[in-house]
Novice: 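Below is the structure I would like to discuss, written out as structure tokens.
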Amino acid sequence: MAQRLDRLHIDGFSIFQDGEKFCYGIDAVLLADFALRGWSVKGASSVEGEASGKEQSAVKGGGKNGRSFRFFDLGCGNGIIPILLAAKTSGDVKITGIEIQPDVAAMARRSVEINGLEGRIEVLEGDIKNIAAEFEKGCADAVVSNPPYMLVSEGRQSSNFSRMAARQEILCCLEDVVRAADFLLAEGGQFFMIHRPQRLEEIFALLEKFRFGKVFWREVKPLESRDATMVLVRAEKRWGQDGWQEGSALEKCRLEDLVIYESSSPRRYTAEVLEIYGRKNQ
């Protein structure tokens, strides 16, 4: 293994990465920020009409029954998203990361330890397809996932299994991820994911299958003039008399696009992305 210790964009935090495996990118940073901010419905267009309301925080008010607010990260890799979540929240927010590859899970635990976050982040080696055998149903307030984007048939074959597994649906598929989120989430819980816009209709179909009540999505573009390359998704878990009803359709609300780079050359991050990285004055 060729592990190195990299400083994060948040002062005082670092992460172990292995150059021979899959290292984190901007998608993880955007997803963590999206999950923590909740969502802004300002200017969002709904399939059924205009969405309305104030900006809300996904972690406001703590967890159910007075317990700590609990995040799960499905396929946590080297632990980047749990560390970013912990770095930007108070001590009563707890994060459980699940990673199937033993060496990657061990590397994530090293990162948790070097950042002194053992009391807030737990990294478990496990398969999200077996989630129902390992955890209590409805134990999570929020679930995040940055899953493999590509079908196995779409991806380039390689001798580097770890990188292939991070990019292609070798060890789990999209339905496995949504099913696990559905099982873990308490009533009113939130599911956050980043994926490819080409698979958005499949994502909607799965969210409807697993009885999510409403979905907000935000397309991510490299430049204003370019097509989206990623999509941020937030889905609300609802059921019972006040929520999901038999035959209910998934309510869909599109948020304003997120543009990563300014159109000027050389490319520079937009003001919004600079803010996400904590560089507002640059």
Side-chain angles (χ1 to χ4, degrees), residues 28 31-39 41 53 56-76 81-82 84-86 89 92-100 120-124 126-147 172-195 200 202-218 231-246 248-253 255:
L31 177 58
D33 179 79
F34 189 63
L36 288 176
R37 290 172 184 262
W39 79 102
V41 296
Q56 301 183 39
S57 170
V59 298
K60 185 177 181 180
K64 299 291 183 181
N65 302 319
R67 60 169 170 78
S68 297
F69 190 98
R70 191 173 185 186
F71 270 105
F72 273 75
D73 181 8
L74 303 178
C76 70
I81 292 177
L84 293 178
L85 294 175
T89 56
D92 61 351
V93 175
K94 309 298 183 183
I95 305 109
T96 298
I98 302 173
E99 173 54 46
I100 194 170
R120 300 190 55 204
I121 299 175
E122 179 183 33
V123 177
L124 303 176
D127 188 339
I128 67 168
K129 297 191 295 294
N130 299 328
I131 208 87
E134 302 294 333
F135 296 95
E136 179 184 354
K137 184 175 176 61
C139 64
D141 299 289
V143 172
V144 297
S145 187
N146 183 5
C172 70
C173 67
L174 181 56
E175 183 164 354
D176 295 328
V177 175
V178 179
R179 179 185 290 108
D182 166 63
F183 180 85
L184 290 169
L185 283 170
E187 181 177 359
Q190 321 294 328
F191 174 42
F192 299 91
M193 180 172 63
I194 191 164
H195 217 286
L200 195 54
E202 182 182 356
I203 291 170
F204 290 159
L206 287 169
L207 291 174
E208 194 161 47
K209 175 179 178 178
F210 288 100
R211 302 182 179 183
F212 284 83
K214 181 182 292 187
V215 59
F216 294 82
W217 81 95
R218 189 176 193 194
V231 61
L232 290 159
V233 175
R234 173 192 177 276
E236 296 181 2
K237 182 62 181 176
R238 299 289 184 191
W239 64 84
Q241 292 183 349
D242 299 323
W244 186 90
Q245 300 287 340
E246 190 71 39
S248 296
L250 181 71
E251 185 179 350
K252 305 169 188 175
C253 299
L255 303 175

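Note that the coordinates shown come from a computational prediction; the quantities given were computed from them, not determined experimentally. All residue numbers in this chain count up from 1 along the given sequence.
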Novice: Going from CD1 on Ile95 to CD on Glu122, what distance comes out if it is rounded to the nearest 0.5 angstrom?
Specialist: 11.0 Å
Novice: For Val143 and Ala181, work out which heavy atoms get closest and say how close.
Specialist: CG1-CB, 3.9 Å
Novice: May I ask you to test the Phe34-Leu255 pair for a side-chain heavy-atom distance under 4.5 Å?
Specialist: yes
Novice: Do Cys76 and Val123 make a side-chain contact, defined as non-hydrogen atoms from C-beta onward lying under 4.5 Å apart?
Specialist: yes
Novice: Between Leu184 and Leu74, is any pair of side-chain heavy atoms under 4.5 Å apart?
Specialist: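 Counting from C-beta outward, Leu184 and Leu74 do come under 4.5 Å.
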Novice: What residues, two or more places apart in sequence or in another chain, satisfy ring-ring contact (aromatic ring centres under 6.0 Å, His included) together with Phe204?
Specialist: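 Partners of Phe204 by the ring-ring contact (aromatic ring centres under 6.0 Å, His included) criterion, ordered by chain and then number, come out as Trp217.
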Novice: Atom CG in Leu206, atom CG in Leu174: separation rounded to 0.5 Å?
Specialist: 5.0 Å
Novice: For the atom pair CG (Asp73) and CG (Leu31), what is the distance rounded to the nearest 0.5 Å?
Specialist: 7.5 Å
Novice: Could you tell me if the ring centre of Phe69 sits under 6.0 Å from that of Phe71?
Specialist: yes
Novice: Got a second to check how far Lys252's NZ is from Glu208's CD, nearest 0.5 Å?
Specialist: 6.5 Å
Novice: Can you tell me how far the CG atom of Leu207 sits from the CD atom of Glu202, to the nearest 0.5 Å?
Specialist: 10.5 Å
Novice: Strictly distance-based, threshold 3.5 Å: is any side-chain N or O of Arg120 a donor or acceptor partner for the main-chain N or O of Val93?
Specialist: yes
Novice: Got Lys214 and Phe216 here, is their nearest side-chain heavy-atom distance under 4.5 Å?
Specialist: yes
Novice: Indicate every side-chain donor-acceptor pair of residues 127-134 with a distance under 3.5 Å to a residue at least two apart or in another chain.
Specialist:
unit_1, atom_1, unit_2, atom_2, d
Asp127, OD1, Lys129, N, 2.9
Asp127, OD1, Lys129, NZ, 3.2
Asp127, OD2, Lys129, NZ, 3.1
Lys129, NZ, Leu171, O, 2.6

Novice: Does this structure show an ion pair linking Asp176 with Arg179, if we count only N-O contacts that are shorter than 4.0 Å?
Specialist: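 Arg179 and Asp176: salt-bridged.
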Novice: Which residue in the set Asp141, Thr96, Asp92 passes side chain to side chain donor-acceptor pair (under 3.5 Å) when paired with Arg70?
Specialist: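 Result: among Asp141, Thr96, Asp92, Thr96 is the only option passing the side chain to side chain donor-acceptor pair (under 3.5 Å) with Arg70.
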Novice: In terms of relative ring orientation, are Phe212 and Phe191 parallel, tilted or perpendicular, with 30° and 60° separating the classes?
Specialist: tilted
Novice: Rounded to the nearest 0.5 Å, what separation is found between the CZ atom of Arg218 and the CZ atom of Arg234?
Specialist: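 Those atoms lie 14.0 Å apart.
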Novice: Please step through side chain to side chain contact (heavy atoms under 4.5 Å, CB included) for the pair Leu124 and Phe135, ending with a clear verdict.
Specialist: CA-CA 12 Å; Leu124 303 176; Phe135 296 95; 3.5 Å; yes
Novice: If you take all heavy atoms of Pro147 and His195, which pair is closest and at what distance?
Specialist: CG-CD2, 3.6 Å
Novice: Which atom names give the shortest non-hydrogen contact between Ala32 and Ile81, and what distance separates them?
Specialist: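 That closest heavy-atom pairing would be CB-CG2, 4.5 Å.
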Novice: Applying side chain to side chain contact (heavy atoms under 4.5 Å, CB included), run through Glu236 and Gln190 and close with a yes or a no.
Specialist: CA-CA 5 Å; Glu236 296 181 2; Gln190 321 294 328; 3.6 Å; yes
Novice: Which heavy atom in Val177 sits nearest to a heavy atom in Ser145, and how many Å separate them?
Specialist: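 Smallest heavy-atom distance, with atoms named: CG1-OG, 3.6 Å.
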